[in-house]
Amino acid sequence: MTLRIFNTQSGAKEEFQPIEPGKVRLYVCGITAYDYCHIGHARANVVFDVLFRYLKALGYEVTYVRNYTDIDDKIINRANELKVGSRELAERFMAAFAEDMARLGCETPSVEPKATENISHIIAIIRTLIGKGMAYEAGGDVYFSIRDFPGYLKLSKRNLDEMLSGARIAPGEQKRDPMDFALWKAAKPGEPSWESPWGPGRPGWHIECSAMSMRYLGPSIDIHGGGKDLVFPHHENEIAQSEGATGQPFARYWVHNGFVNINQEKMSKSLGNFFTVREVLEKYDPEVLRFFILSAHYRSPIDFSDKNLEDARHGLSRIYEALLGLGEVLDSGAAKPAPEAGFSAEDEEIWQPAERLRENFAAAMDDDFNTAQALGQIFEAVRAVNRVLAERRFEANGAWLRRLAAVRDRFRGCGEVLGLFQAEPASWLERIKDAGLGESGLSKEAIEALIVERQEARKAKNFARADAIRDELAAKGVILLDSPQGTTWKTK
RNA sequence: GGCCCCGUCGCCAAGUGGUAAGGCAGAGGUCUGCAAAACCUCCAUCACCCGUUCAAAUCGGGUCGGGGCCUCCA
């Protein structure tokens, strides 16, 4: 089995071959720290977090670099609006981002460099480009001359002449060609700036990623990732700058995730359908959001809606319920010791999805990180487990207990790659239950009291009253579950 | 206008040459005082048309519909 990755550059899935055997150099474009991150950021970072985790699970030693853009026009503008320093503003939103990502279960990348801490590396690349005649200084700005880089537009596969018809030179810019882009921007009075051979200024947006990628990963890396929207111009320009400077291929595989839509519409600030991660997490469990993101292939668009998130919550709960059931049998000692026996043909058939979970999961992930299919495999194993538990097969054949224990390990292993269902099932389900209660206006105590009352009514065979209580709670979204051990409840 | 993507069951979503995974919802059954959960069973021929092929949701052409990028954007 080999990992295949869809490469934007070739437009096809390719077998993954790292530059250096056993090691992977991964660079993902991070955020510009001028606002709270939104669910589009959540998706991108969850997707690459899973890519990172899966590569590690395959045994690669992965160096994952994700940058922070902490100096940029948007930061300066926002800082001016809020009357705070641009550095202070960037610090605030970088911290918020780290917090949001942690809540979403994303691992911390190996290195998280900041643009402002790499100014000297940025300047060095610009000097090299000027020396090679691929960049020029004009009035304190430095521009990259795209006409002098033959491979320009090879990633986005656009036509230069057609793009030129729409390109304009903004007032104040002194570009030779409208498609040229800034490597260095001269500082206007009052703007944050760094000294450079071209006078005080700040780096252009694209150059920092080239600089940080090269600094931490070398001139050529294995995987460069980001959102689809970065293909042009950002990644195109990174290629031009980097390969222009080093003469070596910049990145081997270009990986881009699809967008998040809101109720079928493109998410955008102008439409007002913009959700920050923190807003969403007020309403939904972070793991539910993560599960939702991973329920689609990373290159497909996903549609964020209440209905879809609720479906995701139900689906994830199903997995946790199965893990809970597994724990009850395996951990509580409730299972009576039963003599071990062989497995029948029917047993084998039922159990196959659970037995082969690891292979099936790996096959899905190997196919361009197909997490949707991987989750499908997990659900099939869940059904197998539930069946064995429901039919109490382990009570007739003690050998089932070993199988159940083994599959629990497999669930954990797959879950680790996805960053899902690592929580203790009972407490996770409890948390979801409590959160669901928020909307009903009921307290746990009130529910418990009604359960007691209903229990008494049932004992007295007053089923009319018992059912009335259940219906009353059901109307508020609370479902009662009777079992030999007593009555529990959950939210719809 | 240029480039690119998509259209699979009520909803979400895999599958990209060999006769359609999975989740949610729904129907019937087992269980239950009744329910719920769980389990069992059932529930699509893949927008449309024309081709290629022994064989297509899967390839080619066309039609219709939706979306993205081309300016900052995950």
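Just so you know, these numbers use all the heavy atoms, side chains as well, and skip hydrogens, waters and symmetry mates. Here is how names work: the chains are called A, B, and so on, in the same order as the sequence lines, proteins then strands, and each is numbered from 1.
If you check C40(B), A74(B), A36(B) against the side chain of Leu230(A), the one that comes closest is A74(B). Checking G22(B), C39(B), G33(B) against every side-chain atom of Phe379(A), the shortest atom distance belongs to G22(B). Nearest nucleotide to the Asp311(A) side chain, out of A21(B), C39(B), C24(B): C24(B). Of the candidate nucleotides A13(B), C39(B), A37(B), C39(B) has the atom lying nearest to any side-chain atom of Ala390(A). Here the nucleotide nearest the side chain of Met267(A), chosen from C24(B), A74(B), C69(B), is A74(B). When distances run from any side-chain atom of Ile479(A) to the nucleotides G2(B), C34(B), A36(B), the shortest one goes to A36(B). The Lys490(A) side chain lies nearest to A37(B) when the options are G33(B), A37(B), A74(B). Side chain of Pro233(A), nearest nucleotide from C72(B), G2(B), A14(B): C72(B). The His297(A) side chain lies nearest to A14(B) when the options are A14(B), A37(B), C24(B).
Under the 6.0 Å cut-off for aromatic ring centres, Phe421(A) and Trp428(A) do not qualify, their centroids lying 6.0 Å or more apart. Ring pair Phe181(A)/Tyr143(A): centre-to-centre distance not below 6.0 Å. Close placement of the Tyr68(A) and Phe97(A) rings is indicated, their centers lying within 6.0 Å of each other.
For C72(B), the base has no donor-acceptor partner in the side chain of Asp72(A) [N/O atoms by modelled type, under 3.5 angstrom]. Between the base of G22(B) and the side chain of Arg383(A) there is no donor-acceptor pair shorter than 3.5 Å. For a distance-only test at 3.5 Å, the side chain of Asp467(A) qualifies as a donor-acceptor partner of the base of G33(B).
Counting non-hydrogen atoms under 4.0 angstrom, Gly227(A) reaches the backbone sugars and phosphates but no base. Within the 4.0 angstrom heavy-atom criterion, base atoms lie near Arg470(A). Counting any heavy atom pair closer than 4.0 Å across all strands shown, Asp229(A) reaches a base atom. Here Arg393(A) lies out of heavy-atom contact (under 4.0 Å) with every strand. Contact annotation for Phe259(A): base contact, defined as any heavy-atom pair under 4.0 Å involving a base atom. Within the nucleic acid shown, Ala372(A) comes within 4.0 Å of at least one base atom, counting heavy atoms only. Among the protein residues, Gly11(A) comes within range of no part of the nucleic acid, since none of its heavy atoms lies under 4.0 Å from any strand. Residue contacts for Gln373(A): at a heavy-atom cut-off of 4.0 Å it reaches a base atom on one of the strands shown. Asp303(A) comes within 4.0 angstrom of nothing in the nucleic acid, heavy atoms only. Across all strands, Asn308(A) comes closer than 4.0 Å only to sugar-phosphate atoms, never to a base (heavy-atom distances). Heavy atoms of Ser300(A) sit under 4.0 angstrom from primed sugar atoms or phosphate atoms, though from no base atom. Using a 4.0 Å heavy-atom cutoff across all strands shown, Val260(A) reaches at least one base atom of the nucleic acid. Among the heavy atoms of the strands lying under 4.0 Å from Gly315(A) are primed sugar atoms or P, OP1, OP2 only; no base atom is included.
Taking the C1' atoms as reference points, G33(B) lies 30 Å from C24(B), given to the whole Å. Spacing between C4(B) and U53(B) at atom P, rounded to whole Å, works out to 28 Å. Comparing U8(B) with U45(B), their P atoms are spaced 14 Å from each other, to the whole Å. Look at the C1' atom in both C9(B) and G22(B): the space between them is 13 Å, to the nearest Å.
In this structure, Lys74(A) forms a cation-pi arrangement with Tyr34(A), its terminal cationic atom sitting closer than 6.0 Å to the ring centre and no more than 45° off the ring axis. Geometrically, Arg318(A) does not engage Phe379(A) in a cation-pi contact defined by less than 6.0 Å to the ring centre and at most 45° from the axis. At least one test fails for Arg299(A) against the ring of Phe369(A): distance under 6.0 Å to the centre or angle within 45° of the axis.
Where Arg454(A) and Ile39(A) meet RNA chain B, the nucleotide closest to each residue was compared, and Arg454(A) sits on the side nearer the 5' end. In terms of position along RNA chain B, the nucleotide closest to Ala296(A) lies nearer the 5' end than the nucleotide closest to the other residue of the pair Leu316(A) and Ala296(A).
Under the stacking definition used here (centres under 5.5 Å, planes under 30°), the residue Phe463(A) qualifies as stacked on the base of G33(B).
One atom, CG of Asn261(A), and another, P of C6(B), lie 15 Å apart when rounded to the nearest Å. Rounded to whole angstrom, the span from the CG atom of Leu309(A) across to the C1' atom of C12(B) amounts to 12 Å. Rounded to whole Å, the distance from NZ on Lys74(A) to C1' on A74(B) is 12 Å.
Of all the heavy atoms in Ala364(A) and Ala374(A), the pair that sits closest is CB-N, 3.5 Å.
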